[in-house]
Amino acid sequence: MFRVGDIDPGDHISGHFCSFCAIQLIKIIRGNSMSYKYVTVTREGRIATVRFDRGNDVNPLSIDAMKELTDVAHSFEGDTETSAIILTGNGKNFTVGFDLKDPAVKARVAAGVMDRREMLKVGPKMSKAWEDLEPMTIVAVDGYCIGGGVALSVACDMRVASKGATFWVPEIRNGMNMSWQSVPRMVNLMGPARTKQLCIVADKISAEKAMQWGLVEEVAEEGGAYALALEFAKKIAAMPPLPVRLIKQGASVAANALNHAVSYMDMDQYTVAITSEDHAEGIQAFLEKRGPVFKGR
């Protein structure tokens with residue numbers, strides 16, 4: 001492990017203070033200066049674990065939590081020492097998705113179109129930041145993985161779920177389309193029919209069914225998602241680091257080549273959808289814990 005004390009004060013004079021040392025020093029300074037309210041990052045060898053915890057059992061994604069997850073993903077840029085990153089929730093639930101009680105919901109509805117459009121970039125930016133990471137990314141899912149949680153998970157390379165995990169994409173029930181450029185990512189994993197079933201029929205599905213559909217790669221015993229994800233991460237970390245990244249890059253480019261072209265507009269579609277009466281009815285029904293009555297307005 002590289003330490004600040006490993007640098008000889010005279011090295012920069014003799015020319016031995018190489019670019020590698022400079023990069024490592026920047027990483028140390030960056031790592032020491034980072035602190036998050038909802039996210040923790042731990043490392044063991046070539047494996048990093050990112051946990052996010054809103055401080056309650058259901059673990060909703062607030063705007064601030066999503067920004068932290070985006071910043072954490074960006075913190076791995078230029079990192080050549082990590083081969084695998086495990087992303088997980090609080091151990092009880094991965095996340096129930098975007099927090100509809102976040103004050104940002106009211107703020108974006110009241111905002112003008114340009115400001116609203118900018119506010120809506122937080123989720124897509126988070127997903128893209130995780131998709132663009134060079135190390136392999138493994139999502140460990142316990143409990144609920146709902147809405148934005150599904151969108152985040154499909155932006156990563158592998159998904160491991162506990163036997164009791166539940167996946168659900170209920171956006172349509174709130175008068176919204178599925179966005180964050182997640183639809184083509186789901187199609188890559190499950191095909192178009194299952195993607196439509198998950199997002200339009202919008203039934204909850206078990207971890208076993210999610211694996212049958214291709215949304216999840218592996219199912220662990222109850223409470224064992226992280227342990228199984230760690231097993232895969234250790235296998236990846238034992239491989240030569242460069243081919244790991246090259247193979248991931250090749251597979252990702254092949255799968256995702258047209259993703260942006262067919263989904264760049266979903267945020268603007270969402271911007272329109274959340275101005276509808278059906279969206280307002282869906283949110284109100286959710287808050288009042290009743291069934292919505294949609295009128296196509």
Side-chain angles (χ1 to χ4, degrees), residues 38-44 47-62 65-66 68-69 72-73 83-99 123 126-127 130-131 133 135-171 178 180 182 185-186 188-190 194-195 197-199 201-238:
Y38 304 115
V39 179
T40 58
V41 182
T42 56
R43 296 174 182 271
E44 181 182 348
I47 301 169
T49 297
V50 176
R51 299 179 185 273
F52 66 97
D53 186 352
R54 280 290 309 285
N56 59 48
D57 287 351
V58 295
N59 212 25
L61 284 167
S62 64
M66 289 192 287
E68 287 191 6
L69 284 167
V72 167
S83 290
I85 304 169
I86 302 171
L87 174 62
T88 192
N90 61 13
K92 295 181 179 178
N93 290 288
F94 183 62
T95 177
V96 293
F98 181 60
D99 188 354
M126 173 186 66
S127 298
W130 279 88
E131 182 177 59
L133 284 169
M136 284 286 290
T137 51
I138 307 171
V139 178
V141 176
D142 295 291
Y144 281 113
C145 181
I146 298 177
V150 175
L152 176 57
S153 74
V154 297
C156 296
D157 298 313
M158 292 179 62
R159 287 141 296 278
V160 175
S162 291
K163 192 173 182 179
T166 299
F167 294 81
W168 190 25
V169 180
E171 270 69 5
M178 191 58 182
W180 298 5
S182 60
R185 294 176 182 134
M186 293 184 199
N188 287 344
L189 296 172
M190 298 184 288
R194 290 300 192 192
T195 298
Q197 185 174 353
L198 184 67
C199 298
V201 177
D203 287 334
K204 297 175 184 176
I205 65 171
S206 66
E208 291 287 349
K209 183 171 284 189
M211 186 168 69
Q212 291 171 11
W213 287 13
L215 182 62
V216 165
E217 282 69 48
E218 300 287 342
V219 174
E221 291 302 314
E222 185 61 27
Y226 178 77
L228 183 55
L230 185 59
E231 284 185 30
F232 281 107
K234 287 179 178 178
K235 291 177 181 178
I236 294 166

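- S83 contributes atom OG, which lies 14.5 Å from atom NZ of K234 (distance to the nearest 0.5 angstrom).
- For the ring-ring contact (aromatic ring centres under 6.0 Å, His included) test with F94, the passing option among F52, W168, Y226, F167 is F52; the others fail.
- S127 and A155 make their closest contact through O-CB, 3.4 Å (heavy atoms, listed as atom of the first residue, atom of the second, distance).
- Atom-to-atom distance recorded for T49:OG1 and I86:CD1 is 4.0 Å, nearest 0.5 angstrom.
- Without hydrogens or angle criteria, D157 side chain to T137 main chain gives a donor-acceptor distance under 3.5 Å.
- Contact between W213 and R194 at its shortest, heavy atoms only, is NE1-CZ, 3.2 Å.
- When atom types are taken as modelled, the side chain of T88 and the backbone of A140 share a donor-acceptor pair closer than 3.5 angstrom.
- Nearest heavy atoms, C145 versus V141: CB-CG1, 3.7 Å.
- Distance check, rounded to the nearest 0.5 Å: CD1 of I138 to CG of L230 gives 8.5 Å.
- Crowding of E44 atom CD: a count of heavy atoms from other residues, nucleotides or ligands under 6.0 Å not exceeding 12.
- Neither side chain, N59 nor T95, offers a donor N or O lying under 3.5 Å from an acceptor on the other.
- Using a 4.5 Å heavy-atom cutoff, the side chains of M136 and F232 are not in contact.
- Between R54 and D99, the closest side-chain pair of non-hydrogen atoms falls below 4.5 Å.
- S162 and D142 are linked by a side-chain donor-acceptor pair at a separation below 3.5 angstrom, with hydrogens and angles left out of the test.
- Atom CG of residue L215 and atom NZ of residue K209 lie 12.5 Å apart, to the nearest 0.5 angstrom.
- To the nearest 0.5 Å, atoms CD (Q197) and CE (M186) are separated by 13.0 Å.
- Panel note: side chain E222, backbone G164; a donor-acceptor pair is recorded below 3.5 Å.
- Atom OG1 of T166 and atom CG of D203 lie 12.0 Å apart (nearest 0.5 Å).
- Side-chain atoms of N90 do not come within 3.5 Å of backbone N or O of D53 as any donor-acceptor pair.
- Closest approach of V72 and W130 over heavy atoms only: CG1-CZ2, 4.5 Å.
- Counting all heavy atoms, side chain and backbone alike, L87 lies closest to C156 at CD2-SG, 4.4 Å.
- Nearest heavy-atom pair across V169 and C199 is CG1-SG, 4.0 Å.
- Looking only at side-chain heavy atoms (C-beta outward), I146 and V58 stay at 4.5 Å or farther from each other.
- Checked by atom type and distance alone, the side chain of R185 pairs as donor or acceptor with a backbone atom of W180 at under 3.5 Å.
- Note on R159 versus E217: salt bridge recorded, some NZ/NE/NH1/NH2 to OD/OE distance being below 4.0 Å.
- The environment of Y144 atom OH is sparse: at most 12 non-hydrogen atoms of other residues, nucleotides or ligands sit within 6.0 angstrom.
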